[in-house]
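Structure record follows, encoded as structure tokens.
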Amino acid sequence: MNKLDFNYHTHTYRCGHAVGEDEQYVINAIKLGIKKLGFSDHVMLPSGFDQPGIRGSFSELEDYLRSIRALKEKYKDQIEIFVGFEAEYYPQMVDYYKWLLKNKIDYLIMGQHCYLKENKFHWYFHKDSPIEDVKKYTDDVIKGLKTGLFKYLAHPDLFMHSQAGFSKNLEEESRRILKTCEELNIPIEINLCGMRKRGYNGQNYSYSNDFFFDLVKDYKVDVILALDTHDPNDINQAELDKGYAFAKKHGIKVLEKFDIK
């Protein structure tokens, strides 16, 4: 039976698009045999940068921290719990992220969904996004990884959610990401949440993507299996088996151990 030692990609209801109580995620993780569970809700940004339904407001930060720390103590004899965030690289937020890491949280993972310009959020991807959007995504991912703030890159192939197929241009952007991760020794993620979705065109070209992960063999890049949970019921053996089957299909050996701190 496939086992998972760790999952560091766990959301809570505070982001506005996840459900369930924090404790139920812990209980289900213990049942599945997970030894290390990291909560990484979408990063709560300073006041004035709210995105209802996307991330919790800054006013929820302390409640989030208190809840996870209480669970860490309550279940310390059964599972090791960490608290962090999934965050985009925003140059304007680098100092804030450093403050979080120094004073509040254990880790950050990069999940690049949108960029921040003139205090407004702009999404990279929509139906049939042009290659220019993918290049902007790649540029920002590379800049963010070079800050050293992020432990690994979540759903590196997120851009495939907006594409009906693969192309030479998309391959070039994929290779830029993989080359950077290789050079910086930053793991990438096989994302199981993406496997629950289809792309905007209704095709099975969403993330985690066959075309992208066919390229991984050309690089010395560590690969993590992540449940990316938005519901406690996402933590189950069937999901885990699906992820391992995907890795096997692409000749990828996922990391058995990975320390987030």
Side-chain angles (χ1 to χ4, degrees), residues 1-13 15 17-42 68 71-72 75-86 106-107 109-111 151-158 160-161 181 186-199 204-217 221-261:
M1 182 181 294
N2 293 312
K3 295 290 185 182
L4 187 64
D5 182 77
F6 60 88
N7 180 66
Y8 299 125
H9 199 159
T10 311
H11 292 283
T12 79
Y13 66 87
C15 69
H17 59 277
V19 298
E21 295 301 318
D22 300 342
E23 187 167 15
Q24 194 59 54
Y25 287 91
V26 176
I27 292 169
N28 287 9
I30 292 170
K31 289 179 180 177
L32 191 59
I34 291 173
K35 303 301 182 186
K36 297 182 179 183
L37 181 67
F39 282 85
S40 54
D41 214 349
H42 293 280
I68 307 310
L71 292 170
K72 178 183 178 72
Y75 290 95
K76 63 183 179 182
D77 294 330
Q78 299 178 66
I79 192 170
E80 194 171 1
I81 295 176
F82 303 89
V83 61
F85 283 115
E86 177 186 9
D106 298 316
Y107 69 100
I109 60 175
M110 177 186 278
K151 289 295 186 178
Y152 73 80
L153 176 58
H155 41 62
D157 51 342
L158 180 66
M160 287 305 298
H161 190 54
C181 290
I186 293 177
I188 62 171
E189 175 191 81
I190 292 176
N191 184 281
L192 286 170
C193 180
M195 294 184 189
R196 303 176 203 128
K197 302 177 181 179
R198 290 176 180 267
N204 288 317
Y205 292 123
S206 199
Y207 61 101
S208 295
N209 180 264
D210 285 323
F211 293 114
F212 181 93
F213 279 90
D214 270 343
L215 304 176
V216 172
K217 64 181 181 299
V221 178
D222 287 330
V223 179
I224 285 170
L225 189 64
L227 293 167
D228 189 1
T229 59
H230 290 74
D231 184 318
N233 293 321
D234 293 337
I235 306 175
N236 64 73
Q237 189 64 46
E239 288 285 294
L240 196 55
D241 291 343
K242 183 166 59 176
Y244 275 104
F246 181 88
K248 183 178 180 180
K249 175 182 178 181
H250 295 283
I252 294 169
K253 183 175 175 57
V254 298
L255 288 180
E256 294 182 1
K257 305 284 185 181
F258 183 67
D259 292 326
I260 204 68
K261 291 189 70 176

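Residues F213 and E189 come closest through the heavy atom pair CZ-O, 3.5 Å. The shortest non-hydrogen separation linking Q237 to N2 is NE2-O, 3.0 Å. Smallest separation of non-hydrogen atoms from K151 and Y107: CG-CB, 4.0 Å. Across P232 and E21, no two heavy atoms sit closer than the pair CG-O, 4.4 Å. For F85 against D41, the heavy-atom pair with the smallest separation is CD2-O, 3.0 Å. Summarising the geometry of A29 relative to I79, their closest heavy-atom pair is CB-CD1, 3.9 Å, with the distance given to 0.1 Å.
Looking only at distances, no side-chain donor or acceptor of D228 sits under 3.5 Å from a matching main-chain atom of L192. When atom types are taken as modelled, the side chain of Y25 and the backbone of H230 share a donor-acceptor pair closer than 3.5 angstrom. No donor-acceptor pair under 3.5 Å is formed between the side chain of N28 and the backbone N or O of I235.
Side-chain contact between D214 and H250 is present, with at least one heavy-atom pair separated by less than 4.5 Å. Between L225 and L240, the closest side-chain pair of non-hydrogen atoms falls below 4.5 Å. Considering only heavy atoms from C-beta on, F82 stays 4.5 Å or farther from I68 through its side chain. In this structure, F212 and I188 have side chains that are in contact, with non-hydrogen atoms separated by less than 4.5 Å. Annotation: side chain of R196 is in contact with side chain of D234 (closest heavy-atom distance under 4.5 Å).
Here CG of D5 is found 12.0 Å from CZ of F258. Values are rounded to the nearest 0.5 Å. The NZ atom of K3 sits 10.5 Å away from atom OH of Y244, with the distance rounded to the nearest 0.5 Å. If you take CD on E80 and NZ on K261, they are separated by 8.5 Å, rounding to the nearest 0.5 Å. Atom CG of residue L227 and atom CG of residue N7 lie 4.0 Å apart, to the nearest 0.5 angstrom. Rounding to the nearest 0.5 Å places CD1 of I224 at 5.5 Å from CG of L255. In this structure, the separation between OH on Y207 and CG on D157 is 9.0 Å, given to the nearest 0.5 Å.
At a cut-off of 3.5 Å, with distance as the only test, no side-chain donor of H11 or D231 sits close to an acceptor on the other residue. Checked by atom type, the side-chain pair H42/H17 shows a donor-acceptor distance below 3.5 Å.
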Listed pairs under 3.5 Å, donor-acceptor, residues 30-40 side chains, sequence neighbours left out:
from	atom 1	to	atom 2	distance (Å)
K36	NZ	D259	OD1	2.4
S40	OG	Y8	O	2.9
S40	OG	T10	N	3.2

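When the shell of 6.0 Å around NZ of K217 is examined, it contains more than 12 heavy atoms from other residues, nucleotides or ligands. Counting heavy atoms of neighbouring residues, nucleotides and ligands inside a 6.0 Å radius, atom CD of Q78 exceeds 12 of them.
Comment: D210 engages K249 in a salt bridge, judged by a side-chain N to carboxylate O separation of less than 4.0 angstrom.
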